[in-house]
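In what follows, every chain begins at residue 1, and chains take the letters A, B, ... in the order their sequences are listed. As a basis for the values below, the full set of heavy atoms in this structure was taken, side chains included, without hydrogen atoms, waters or symmetry mates.
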2 protein chains.
Amino acid sequence: MKKNRLGEFQELVLMTVIVLQDDAYGVEIQRDLEERLKKRLSVGAIQTALKRMVEKGFLTSEFGEATQKRGGKRKRIYSATPYAHQVLREMRDLRAQLWDAMPRLGTSQA
Amino acid sequence: MKKNRLGEFQELVLMTVIVLQDDAYGVEIQRDLEERLKKRLSVGAIQTALKRMVEKGFLTSEFGEATQKRGGKRKRIYSATPYAHQVLREMRDLRAQLWDAMPRLGTSQA
DNA sequence: ATACTTTTCATCAACATTGAAAACTTTGCT
DNA sequence: AGCAAAGTTTTCAATGTTGATGAAAAGTAT
């Protein structure tokens, strides 16, 4: 019954949420991921990914406090569910298994 | 000009092509991946992924010999381009970087 | 002809990506 | 105080790409 897919981009956003912990809100996630990818991302790309992952039970969200900075609007802070951690590990393990099964082109094997 | 995205599923199919080497054709890829995922896949899912990856320069393909088995139709054998290998490594490294940056919930860190 | 293996094709739902608009918050001016 | 301006963040709508299904076609051996 459940739609469990976790897309390629969603996975990166999810991991970034975990990395940023209490600072995991839209714009900051965008900044962090842009730096890692060395590639410009649009606001909406992040936000749709976040929204869909909330719907599927990978993330929960709540509003944080507004900061004292000029323009410091309240942030919606995201955090990953235990289920999200589990799925991330499963995908990592699956890929690791495939890497192990791949012939090593640079080594002694043909 | 080219659209270089490599989706989540495409990535798995691509890795399976590399694993299977000379046996990397549609139905066999399907069988191998079904076993790893422990999940039923449709023929078309594999074939569309393969076709699109050819268009984008991740794969090349050529027909192999027909086998002697009853119903042994000629197989279209796929192989990964150097570019595909490069992109796979980049994605692996990016995810590894994110795993390293993630707080370890099970260890001594808070 | 019949049975079997594999690919091709058409189709629809979910994901990726964009940019503008809206919502909110502080600052500065009168 | 009151109000406009400017800054930060989220929401929304719209479009192209990927994911997933199953039936049909193509080809090969019995």
Practice prompt. For B/Gln30 and C/dT5, give me the distance from atom CD to atom P, rounded to whole Å.
Written response: 13 Å
Worksheet, complete the sentence: note: B/Glu62, atom CD; C/dT7, atom C1'; distance rounded to Å ~ 16 Å
Worksheet item: What is the nucleic acid contact for A/Gly7, judged by heavy atoms within less than 4.0 Å: base, sugar-phosphate only, or nothing?
Response: sugar-phosphate
Worksheet item: Does the pair A/Glu34/A/Lys39 count as a salt bridge with the N-to-O cut at 4.0 Å?
Response: no
Discussion item. Over all strands shown, is A/Thr67 touching base, sugar-phosphate only, or nothing at heavy-atom distances under 4.0 angstrom?
Written reply: sugar-phosphate
Discussion item. Taking 4.0 Å as the cut-off, does a side-chain nitrogen or oxygen of A/Lys56 come that near to OP1 or OP2 on C/dC15?
Written reply: yes
Worksheet item: Separation of A/Glu28 atom CD from D/dT9 atom P, in whole Å?
Response: 8 Å
Worksheet item: Once you round it to whole Å, what is the distance between P of C/dT8 and CG of B/Leu50?
Response: 10 Å
Worksheet item: Of the candidate nucleotides D/dA20, C/dT17, D/dA23, which contains the atom at the shortest distance from the side chain of A/Ala45?
Response: C/dT17
Practice prompt. Would you indicate which nucleotide in C/dT6, D/dT21, C/dC4 comes nearest to any side-chain atom of B/Val27?
Written response: C/dT6
Item to complete: Would you confirm whether the ring centroid of B/Tyr25 sits within less than 6.0 angstrom of the ring centroid of B/Tyr78?
Response: no
Response to the item:
Closest to the 5' end of DNA chain C, once B/Phe63 and A/Ser42 are matched to their nearest nucleotides, is B/Phe63
Discussion item. Less than 4.0 angstrom from a charged side-chain N to a carboxylate O is my criterion; do A/Glu55 and A/Arg5 meet it?
Written reply: no
Practice prompt. Starting at atom CD of A/Glu11, determine the distance to atom P of C/dA16, rounded to an integer number of angstrom.
Written response: 10 Å
Discussion item. Regarding A/Arg36 and A/Asp32, does a basic nitrogen lie under 4.0 Å from an acidic carboxylate oxygen?
Written reply: yes
Worksheet item: How would you label the contact of A/Gly44 with the nucleic acid (heavy atoms, under 4.0 Å): base, sugar-phosphate, or nothing?
Response: base
Worksheet entry | Atom-pair distance (CD1 on A/Ile46; P on C/dG19), nearest Å | 14 Å
Discussion item. If I take atom NZ in residue B/Lys51 and atom C1' in nucleotide C/dC9, what distance separates them, rounded to the nearest angstrom?
Written reply: 8 Å
Worksheet, complete the sentence: Closest of D/dT9, C/dT8, C/dC15 to the B/Gln47 side chain is C/dT8
Discussion item. Side-chain N or O of A/Gln68 versus OP1/OP2 of C/dT25: is the shortest distance under 4.0 Å?
Written reply: no
Worksheet item: Do B/Arg52 and D/dG19 have a side chain to base donor-acceptor pair shorter than 3.5 Å?
Response: yes
Worksheet item: A/Arg31 side chain N/O closer than 4.0 Å to the phosphate oxygens (OP1, OP2) of D/dT9?
Response: yes
Worksheet entry | Short side-chain N/O contact to D/dT9 OP1/OP2 from A/Tyr25, under 4.0 Å | yes
Discussion item. Check this for me, if you would: do A/Glu11 and A/Arg89 make a salt bridge, where the nitrogen-to-carboxylate-oxygen distance has to be below 4.0 angstrom?
Written reply: no
Worksheet item: Hey, is the side chain of A/Arg70 poking within less than 4.0 Å of OP1 or OP2 on D/dA5, counting only N and O atoms?
Response: no
Practice prompt. Compare side-chain N and O positions of A/Arg74 against OP1 and OP2 of D/dT8 and report whether any pair is under 4.0 Å apart.
Written response: no
Worksheet entry | A/Glu65 bridged to A/Lys75 by N-O distance under 4.0 Å | no
Fill in: Presence of B/Arg76 side-chain N/O under 4.0 Å of C/dT5 phosphate oxygens OP1/OP2
no
Discussion item. Nearest to the B/Glu8 side chain among D/dT10, D/dG19, D/dA5, which nucleotide is it?
Written reply: D/dG19
Discussion item. Quiz question: going by heavy-atom distance under 3.5 Å, is there a donor-acceptor pair between the base of C/dT6 and the side chain of B/Lys73?
Written reply: yes
Worksheet entry | B/Asp32 CG to C/dT6 P, straight-line distance once rounded to whole Å | 14 Å
